[in-house]
**Q** 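The structure's right below; bear with me while I get my questions together.
Whatever order the structure lists them in is the order used to number ligands and atoms, beginning at 1.
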Amino acid sequence: MNVDGKNIRTIWLDKSAKIIKIIDQRKLPHRFVIADLKTVDDVITAIEDMYVRGAPLIGATGAYGVFLAALNAPHDRIGDDYMIGEADRLKSARPTAVNLAWGVDRVLAETLAARLSEKISRARRSAGDIVELEVKNCRKIGEHGLPLIEQIRRNKNGGTVNVLTHCNAGWLACIEYGTATAPIYAAFDSGIDIHVWVDETRPLNQGARLTAWELGKHGVKHTIITDNAGGYLMQRGLVDLVIVGTDRTTATGDVANKIGTYLKALAAQDNGVPFYVALPSSTFDWELKDGVRDIPIEQRAAEEVKYVWGLNRDTPAQVLICPADSPAANFAFDVTPARLVSGFITERGVCRATPEDIRRLFPENSN
Ligand code: MRU
């Protein structure tokens, strides 16, 4: 995507073909910093500490982690047990986004199947293929989501289309285009007057820090709101459409996404606002049937709730916002049941959030 006139992705292989380059998203929007990942441990730290985040990007980073495992393994230890052990370490870096296991397992399978002399090159190619696939799928999500926005624009006689989104399901969470933002960028690029309500997304403020930043860089009109403002805006007719991303969606249509998504879906249903979830097929978990019961929900450090990062007179600073000795709980995701979801926007088209419709779009994954 375009950042100050430069075309950039969130992850790429360095010219040396030995280093993975990423944008360190912890520093945005105040600093634009590129970080190097050279080892499996670097990749695990980058995923755990959220230098990279967002389901498709986590998947792509994990995929390159398997490549680094093969690349750095002592030649006599590149055997199956070693690679499977490294893949397991990568997969446990974050539990909710199923893309991580999807990306790691795809590259691992390629590597295990390859002859010793080809393991490194096969892993590199396979990780690169995942990156290209996710770029293509996000572009398709934009194409399939655009008619939804065009229809709203027609219903409003060309008036501004107001979309609400939660967290960052933008290109920063993917590689290009984003998932939830792909239809928004497609609409903006086709000349539709579009405005985005951006939930700040406490505690790490992915909305305020990242979604606002990337929409602004693209020139898309947006307004940051507090996480609790969405219901109020919907009651007043100020939201035409909600589009969010997801970290794991069951084959039955239950959607895990950033904590607070469920409350937006409830408010949307109460106010008759369409609530869409945009996702590439890599985010479907084809095994699980009951998302509320079975999707693992990551709990992160209490410090993320108790402290806020920001810029104090041009210097990055961390501020304690509560009594130092108060305990805090940090549930990072929640699950929106399928009954609250108007539909899925995928690379193969739009479908209702029912097992039958999902199966119709992705018959090869049906159990
Ligand atoms: O904790 P994060 O920042 O990784 O959570 C990200 C989200 O919840 C996104 O909405 C989700 O990954 C969709 S990504 C396109």
**Q** What residues form a side-chain hydrogen bond (donor to acceptor under 3.5 Å, both in side chains) with R125, not counting sequence neighbours?
**A**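 In terms of side-chain hydrogen bond (donor to acceptor under 3.5 Å, both in side chains), with neighbours along the sequence ignored, R125 is linked to no residue.
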**Q** Identify each donor-acceptor pair in which a side-chain atom of residues 269-279 lies under 3.5 Å from a protein atom, sequence neighbours left out, and give them as a table.
**A**
| unit_1 | atom_1 | unit_2 | atom_2 | d |
| --- | --- | --- | --- | --- |
| N271 | ND2 | A267 | O | 2.7 |

**Q** Counting only heavy atoms not in R9, do more than 12 sit closer than 6.0 Å to its CZ atom?
**A**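 Enclosed.
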**Q** Can you list every pair where an N/O of ligand 1 is under 3.5 Å from an N/O on the protein?
**A**
| unit_1 | atom_1 | unit_2 | atom_2 | d |
| --- | --- | --- | --- | --- |
| ligand 1 | 1 (O) | R94 | NH1 | 3.4 |
| ligand 1 | 1 (O) | R94 | NH2 | 2.8 |
| ligand 1 | 1 (O) | K258 | NZ | 2.7 |
| ligand 1 | 3 (O) | R53 | NE | 2.9 |
| ligand 1 | 3 (O) | R53 | NH2 | 3.2 |
| ligand 1 | 3 (O) | Q206 | NE2 | 2.9 |
| ligand 1 | 4 (O) | G54 | N | 2.9 |
| ligand 1 | 4 (O) | R94 | NH1 | 2.8 |
| ligand 1 | 8 (O) | D247 | OD1 | 2.9 |
| ligand 1 | 8 (O) | N257 | OD1 | 3.2 |
| ligand 1 | 8 (O) | K258 | N | 3.3 |
| ligand 1 | 10 (O) | N257 | OD1 | 2.7 |
| ligand 1 | 12 (O) | A55 | N | 2.9 |
| ligand 1 | 12 (O) | D247 | OD1 | 3.2 |
| ligand 1 | 12 (O) | D247 | OD2 | 2.9 |

**Q** Could I get the full list of ring pair (Phe, Tyr, Trp, His ring centres under 6.0 Å) partners for H195, not counting sequence neighbours?
**A**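 Result, ring pair (Phe, Tyr, Trp, His ring centres under 6.0 Å) vs H195: W197.
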**Q** Can any side-chain N or O of Q25 pair as donor or acceptor with the backbone N or O of L172 at less than 3.5 Å?
**A**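 Such a contact is found between Q25 side chain and L172 backbone.
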**Q** Using atom types as modelled and distance alone, determine if a side-chain donor or acceptor of N330 lies under 3.5 Å from a backbone N or O of A301.
**A**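 Answer holds: yes.
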